[in-house]
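This one's a predicted model, so the numbers in the text were calculated from it and none came from an experiment. Keep in mind that the numbers below use all heavy atoms, side chains included, and drop hydrogens, waters and symmetry copies.
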Amino acid sequence: MTKFLQIFLDASLYLLLIPLLFGSALSLVSHRNKSLVVIYFGFFAQVIGGGIGIIIHELSHLIVALLFRHQIKGVALLRIPRPNDGDTSLGYVQHAWQTTSLYQRSGNFFIGVAPLIGGTVALVALTRWLVPPIFAWGQSLATGVATTAPRDLVWWKDLIWGGLLTNLTLGGFSPSPPAPDH
């Protein structure tokens with residue numbers, strides 16, 4: 001039973017706690033960056049600068065809503081809003097759930113935090129794919145066996161990675177307004 005408990009605690013730490021903490025920090029940075037982008041470049045710059053992040057954000061909501069067996073009523077992974085009409089939504093997942101189901105009601109919490117986990121997973125996957133030396137260095141820091149900073153990077157992969165990271169953090173980590181109760 002002790003081994004099971006250790007596996008459960010490790011899984012909770014690596015699959016929930018660390019991504020939620022990392023994602024929450026990124027959410028704060030994302031919100032500030034998005035505000036600055038809108039101030040300096042206009043409202044629509046956030047669609048261009050954060051489109052991939054917005055898509056991952058909405059896909060995260062959608063996947064978790066499906067896992068909790070919510071009824072999907074509408075999805076827009078990326079859309080052009082009409083801010084002059086008060087429409088500022090860059091994407092959405094409209095879903096319904098049975099209020100009598102504890103499973104489906106509790107799913108709303110996980111649907112809400114899904115972009116923090118989905119965005120974190122996307123950032124880690126992109127880093128591992130495009131810049132493996134930075135991924136390996138990050139792993140060494142996480143395990144407490146720090147190695148020297150990576151030196152064998154490829155400039156064009158670094159450039160793509162930096163652009164995608166910026167796009168993800170601009171569009172993927174901002175919190176969504178809570179879904180209305182029914």
Side-chain angles (χ1 to χ4, degrees), residues 7 9-67 75-81 88-93 110-176:
I7 291 170
L9 291 174
D10 286 347
S12 297
L13 177 69
Y14 291 113
L15 297 176
L16 289 175
L17 188 59
I18 290 174
L20 279 174
L21 289 174
F22 184 63
S24 296
L26 284 173
S27 177
L28 293 172
V29 170
S30 173
H31 181 70
R32 180 69 178 142
N33 286 345
K34 189 185 287 189
S35 297
L36 290 172
V37 164
V38 171
I39 289 168
Y40 290 113
F41 302 107
F43 184 82
F44 292 103
Q46 63 186 327
V47 175
I48 296 164
I52 295 170
I54 294 164
I55 291 168
I56 289 175
H57 178 106
E58 298 305 337
L59 276 173
S60 299
H61 285 310
L62 177 63
I63 290 167
V64 177
L66 290 170
L67 286 174
V75 175
L77 297 179
L78 181 65
R79 61 185 293 276
I80 305 299
T88 58
S89 172
L90 302 172
Y92 61 84
V93 175
F110 295 100
I111 293 165
V113 299
L116 299 177
I117 295 170
T120 302
V121 168
L123 286 176
V124 170
L126 280 172
T127 302
R128 185 172 186 176
W129 177 49
L130 289 170
V131 283
I134 291 178
F135 179 80
W137 182 62
Q139 276 186 314
S140 74
L141 291 176
T143 60
V145 184
T147 60
T148 58
R151 299 192 196 300
D152 54 344
L153 299 172
V154 181
W155 71 268
W156 62 270
K157 285 184 176 183
D158 300 345
L159 191 63
I160 292 170
W161 178 68
L164 289 172
L165 249 109
T166 301
N167 198 291
L168 274 169
T169 56
L170 272 178
F173 290 98
S174 294
S176 301

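When all heavy atoms are compared, the tightest approach of Ser60 to Gly118 is OG-CA, 3.4 Å. Nearest heavy-atom pair, Val64 versus Ala114, reported as atom, atom and distance to 0.1 Å: CG2-CB, 3.5 Å. Annotation for Val37 and Ala45: closest pair CG1-CB, 3.6 Å, computed over non-hydrogen atoms. In this structure, Leu90 and Pro81 approach most closely via the heavy-atom pair CD2-CG, 3.6 Å.
Atom OH of Tyr92 is separated from atom CG of Leu77 by 10.0 Å, given to the nearest 0.5 angstrom. Note that CG of Leu66 is 9.0 Å distant from CD1 of Ile111, once rounded to the nearest 0.5 Å. Atom NE2 of His61 is separated from atom CG of Leu59 by 10.5 Å, given to the nearest 0.5 angstrom. We find the CD1-CG distance between Ile54 and Leu168 to be 10.5 Å, quoted to the nearest 0.5 Å. Separation of atoms NE2 (His57) and CG (Leu116) is listed at 8.5 Å; rounding is to 0.5 Å. Atom CH2 of Trp155 sits about 12.5 Å away from atom NZ of Lys157, to the nearest 0.5 Å.
Around the CZ atom of Phe41, the shell of radius 6.0 Å holds no more than 12 heavy atoms that belong to other residues, nucleotides or ligands. Atom CZ of Arg79 has more than 12 neighbouring heavy atoms from other residues, nucleotides or ligands inside a 6.0 Å radius.
Side-chain atoms of Pro115 and Ile56, non-hydrogen and from C-beta on, never get closer than 4.5 Å to each other. Side-chain contact between Leu164 and Leu130 is present, with at least one heavy-atom pair separated by less than 4.5 Å. Proximity of Val47 to Ile80: side-chain heavy atoms (C-beta onward) are separated by under 4.5 Å at one or more points.
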Where do Leu67 and Phe110 land on the side-chain contact (heavy atoms from CB on, under 4.5 Å) test, with the steps shown first?
CA-CA 10 Å; Leu67 286 174; Phe110 295 100; over 6 Å; no

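By the side-chain contact (heavy atoms from CB on, under 4.5 Å) test, Thr166 pairs with Leu170, sequence neighbours left out. With sequence neighbours left out, the side-chain contact (heavy atoms from CB on, under 4.5 Å) criterion links Ile7 to Lys3.
Proximity of a side-chain donor or acceptor of Asp158 to a complementary backbone N or O of Val131 within less than 3.5 Å is not detected.
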